[in-house]
Undergrad: 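Here it is, the structure in full.
What's counted below: heavy atoms across the whole structure, side chains too, no hydrogens, waters or symmetry copies. Note that this is a predicted model, so its numbers are computed, not measured. Throughout, protein chains are lettered first and strands after them, A, B, ... in sequence-line order, and every chain is numbered starting at 1.
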Number of protein chains: 2
Amino acid sequence: MAERSAWRHLFTLLKLAEMGAHRRTAKISTEYLARKLEMSQQTASRHLIELENQGWIRRAITPEGCLIKITDTGVRELKRLYSNLRFLIEAAYPPSVTLEGVVFTGLGEGAYYITRGHYRKQFMEKLGFVPYPGTLNLKLTTDYDVKSYSELEAYPAIEIEGFKSENRTFGSVKCYPVIIENKAKGALISALRSHYDASVIEVIAPVFLRKHLNLKDGHKVKVEVLTLP
Amino acid sequence: MAERSAWRHLFTLLKLAEMGAHRRTAKISTEYLARKLEMSQQTASRHLIELENQGWIRRAITPEGCLIKITDTGVRELKRLYSNLRFLIEAAYPPSVTLEGVVFTGLGEGAYYITRGHYRKQFMEKLGFVPYPGTLNLKLTTDYDVKSYSELEAYPAIEIEGFKSENRTFGSVKCYPVIIENKAKGALISALRSHYDASVIEVIAPVFLRKHLNLKDGHKVKVEVLTLP
DNA sequence: ATTACTACTAAACGAGTAC
DNA sequence: TGTACTCGTTTAGTAGTAA
């Protein structure tokens, strides 16, 4: 989609396809096309010229109209639009949800939990990294973010199984892969403890995020949560 | 799709949907939208206003950006586009093929064939009408039309079964529903005899087409052949 | 009948800027 | 930071018409 007018042309292309020009050479006069697109004959003519220059159609002009065939490139454009739409309409979940929160210092409990052996092993297996021994705490700033976060609950997550030690029980944990500040990969861990505050999220990563991204308390951080296919 | 700019807005709507605004309220600033659409912040702002007036989105403006939700009407627009595209891309056959030919007077054999009882009965059952006892002969005018006609062979058709009388065998016939001159319904009958000329088609209808459409030898006639789903 | 050029009009866009 | 106004510029669209 190089030029701005490309979008307009895509619709003209769509109409041509509706006339069958994507599978066989179709005889379509500029006047006929113009009526179908509710535009003038001159504009239709110009669009065809531009579509041809763009390489989306091939054309032969006869005294009875144009013989038009959409090229493979043109068909590819239509298919791209189609798969975009299919993804949107058929998909049960959005591809990602972006949350924004403010960095704060917690009680350091997160570090204790995520360094337990059974958790660590599963992080490696299921997330592909061993987390830095500490979590980045973020306080969600707006109701919008809190609401987005709560909607995440309904989406499929990576399950980290719980286990029992001599003294106590460690519950199961839900993880979502995330991208922090468009730079670092990591994961959001949910329900580590029983939701003591629905407006707080904890993020783990293979690196020390505070240092890696130069974060200090009070900084705003964007976290893009990737939902699973 | 009332106004001309509706196409452009549909594209903007698609981008909003890609940001998840079709399933939940999404926080999207005009500046962010502008970057994604490769347009200016001002234009993005204007588009959102127009989209709202069009009833395709609902919007709440906050100091941190707009909270945008695509309305049911907006989603319907996207779905309409989607099903148009799906039909084009997934469908094995085009919805219709238009043929153009010149009226001529044949030998009157067609009338004999289509009035045979076994044929007549099946026409009624499978086409929904008893044909006027005569066929309209059309000589296809261009190579393009002949080629289009030959491609029809590959498409699914209504099969009229053959039969045997005391004297001879009547072969099976393929029919395609057609619309003649955008006015009258009928059917194209193919292979009634063994293709003595691939540039001639025969059309039947419940009415006497020559009279009904005031056709005379030499007149050009457009026939829209409907392919089956 | 066609297509498509030129000259003009209407609409969309974006810079600057107010809020 | 945000949104969105005005206004000059650019682009898309049309009428008339030649080929």
Undergrad: Using side-chain contact (heavy atoms from CB on, under 4.5 Å) as the criterion, list what pairs up with B/Lys216, not counting sequence neighbours.
TA: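 Listed in chain order: B/Asn214, B/His219.
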
Undergrad: For residues 98-108 of chain A, run the donor-acceptor check on the side chains, cut-off 3.5 Å, and write out each pair with its distance to 0.1 Å, sequence neighbours left out.
TA:
{"residue": "A/Thr105", "atom": "OG1", "partner": "A/Arg210", "partner atom": "NH2", "Å": "3.3"}
{"residue": "A/Thr105", "atom": "OG1", "partner": "A/Asp217", "partner atom": "OD1", "Å": "3.1"}
{"residue": "A/Thr105", "atom": "OG1", "partner": "A/Asp217", "partner atom": "OD2", "Å": "2.8"}

Undergrad: Just compare C/dG14, D/dT3, C/dA4 and give me whichever is closest to any side-chain atom of B/Ile61.
TA: D/dT3

Undergrad: Under the side-chain contact (heavy atoms from CB on, under 4.5 Å) test, which residues partner B/Glu18, sequence neighbours left out?
TA: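 By the side-chain contact (heavy atoms from CB on, under 4.5 Å) rule, B/Glu18 matches A/Asn84, A/Leu88, B/Leu14, B/Lys15.
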
Undergrad: Side-chain N or O of B/Thr43 versus OP1/OP2 of C/dG14: is the shortest distance under 4.0 Å?
TA: yes

Undergrad: Just how far, in rounded Å, is C1' of C/dT2 from NZ of B/Lys220?
TA: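 So the two atoms are 12 Å apart, to the nearest Å.
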
Undergrad: Let's go through A/Lys222 and A/Glu181 carefully: what are the C-alpha distance in whole Å and the side-chain angles of both, what is the deciding distance for salt bridge (Lys or Arg N to Asp or Glu O under 4.0 Å) to 0.1 Å, and is it a yes or a no?
TA: CA-CA 5 Å; A/Lys222 272 202 175 116; A/Glu181 290 287 87; over 6 Å; no

Undergrad: Between A/Ile28 and B/Ser40, name the one whose nearest nucleotide on DNA chain C is closer to the 5' end.
TA: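 Nearest-nucleotide comparison on DNA chain C picks A/Ile28.
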
Undergrad: Expressed in angstrom and rounded to an integer, what is the separation of A/Glu50 atom CD from C/dA4 atom C1'?
TA: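 In whole Å, C/dA4 C1' and A/Glu50 CD are 12 Å from each other.
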
Undergrad: Based on the rotation axes of five pairs at each end, what angle does the helix from C/dT2-D/dA19 to C/dC19-D/dG2 bend through, to 10°?
TA: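 What I find for the helix from C/dT2-D/dA19 to C/dC19-D/dG2 is an axis angle of 40°.
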
Undergrad: With a cut-off of less than 4.0 Å, is there a side-chain N or O of A/Arg59 near OP1 or OP2 of C/dA4?
TA: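 For A/Arg59, the contact criterion (side-chain N or O under 4.0 Å from OP1 or OP2 of C/dA4) is met.
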
Undergrad: How close or far is atom C1' of C/dT2 from atom CZ of A/Arg46, stated in whole angstroms?
TA: 19 Å

Undergrad: Do we see a donor-acceptor contact under 3.5 Å between the side chains of A/Thr142 and A/Asp145?
TA: yes

Undergrad: Rounded to whole angstroms, how far apart are CZ on B/Phe11 and P on C/dA12?
TA: 16 Å

Undergrad: Would you say B/Glu64 and A/Tyr144 are linked by a side-chain donor-acceptor pair, where the criterion is simply a distance under 3.5 Å?
TA: no

Undergrad: Roughly, in whole Å, what's the span from CE in A/Met39 to C1' in D/dT14?
TA: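 In whole Å, D/dT14 C1' and A/Met39 CE are 11 Å from each other.
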
Undergrad: How many whole angstroms separate atom CG of B/Leu48 from atom C1' of C/dC13?
TA: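 It is 15 Å, rounded to the nearest whole Å.
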
Undergrad: So which nucleotide from D/dT3, C/dA4, D/dG13 ends up closest to the side chain of B/Thr30?
TA: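 Within the option list, the nearest is D/dT3.
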
Undergrad: Residues in ring pair (Phe, Tyr, Trp, His ring centres under 6.0 Å) with A/His22, at least two apart?
TA: none

Undergrad: With sequence neighbours left out, write down each residue that passes salt bridge (Lys or Arg N to Asp or Glu O under 4.0 Å) with B/Lys139, or none if nothing qualifies.
TA: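 Counting only residues at least two positions away or on another chain, B/Lys139 forms a salt bridge (Lys or Arg N to Asp or Glu O under 4.0 Å) with B/Asp197.
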
Undergrad: For nucleotides 16-19 of chain C, give me every protein contact, N/O to N/O, under 3.5 Å, one pair per line with atom names.
TA:
{"residue": "C/dG16", "atom": "N7", "partner": "B/Gln42", "partner atom": "NE2", "Å": "3.4"}
{"residue": "C/dG16", "atom": "O6", "partner": "B/Gln42", "partner atom": "NE2", "Å": "2.9"}

Undergrad: So, OP1 or OP2 of D/dA12: does either fall under 4.0 Å of a side-chain N or O from B/Arg8?
TA: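 No, outside the criterion.
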
Undergrad: Taking only residues two or more places apart in sequence or in another chain, which ones pass ring pair (Phe, Tyr, Trp, His ring centres under 6.0 Å) with A/Phe11?
TA: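 For A/Phe11 the ring pair (Phe, Tyr, Trp, His ring centres under 6.0 Å) partners, ignoring immediate neighbours, are A/Trp7, B/Trp7.
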
Undergrad: Closest approach to the side chain of A/Ser29, judged atom by atom: which nucleotide of C/dT2, D/dT3, C/dA4 is it?
TA: C/dT2

Undergrad: Without decimals, in angstroms, what is the distance between A/Arg35 CZ and C/dA1 C1'?
TA: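 These atoms are roughly 14 Å apart.
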
Undergrad: In whole Å, I'd like the distance from the CD atom of B/Glu38 to the C1' atom of D/dT11.
TA: 17 Å

Undergrad: Check this one for me: any side-chain N or O of A/His47 less than 4.0 Å away from OP1 or OP2 of D/dG13?
TA: yes

Undergrad: List the residues meeting ring pair (Phe, Tyr, Trp, His ring centres under 6.0 Å) with A/Tyr155, not counting sequence neighbours, and say none if there are none.
TA: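 With sequence neighbours excluded, A/Tyr155 shows a ring pair (Phe, Tyr, Trp, His ring centres under 6.0 Å) to A/Tyr93, given in chain and number order.
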
